[in-house]
Amino acid sequence: MRGGCINGEPEFNDMVCSACFMELAEAKGLATKFRVTAEEINTPLQMTTPSGRVWDDKKWLWVED
């Protein structure tokens with residue numbers, strides 16, 4: 001998240017999860033159509049965090065309810 005340049009100013013202490021990175025990069029116009037998927041999910045997934053955020057399948061992010 002350095003504006004597309006290795007010498008750019010770091011944001012978020014240079015650390016974001018992959019889903020957040022993809023969303024931020026798309027929002028800044030750096031790249032589009034990122035996706036990381038699993039072909040087989042072998043266990044039920046929790047869709048709400050303890051703090052109340054829920055998974056948004058369209059944004060591929062945890063969002064406030």
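Below, all heavy atoms of this structure are taken into account, side chains as well, without hydrogens, waters or symmetry copies.
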S.K.: Ignoring hydrogens and angles, tell me if any N or O in the side chain of Thr49 forms a donor-acceptor pair with the backbone of Arg53 under 3.5 Å.
M.R.: yes
S.K.: CZ/Phe34 to OG/Ser18 distance, rounded to the nearest 0.5 angstrom?
M.R.: 10.5 Å
S.K.: Can you check whether Ala31's main-chain N or O pairs, donor with acceptor, with Glu26's side chain at less than 3.5 Å?
M.R.: no
S.K.: In the single-linkage hydrophobic clustering (I, L, V, M, F, W, Y; side-chain heavy atoms under 4.5 Å), do Met22 and Val63 co-cluster?
M.R.: no
S.K.: Applying a strict under-4.5 Å side-chain criterion to I, L, V, M, F, W and Y, I'd like to know whether Leu45 and Leu61 cluster together.
M.R.: no
S.K.: Taking the side chain as C-beta and beyond, is there a heavy-atom pair between Gln46 and Thr48 under 4.5 Å?
M.R.: no
S.K.: Please report the closest heavy-atom contact between Lys58 and Asp56, naming both atoms and the distance.
M.R.: N-OD1, 2.9 Å
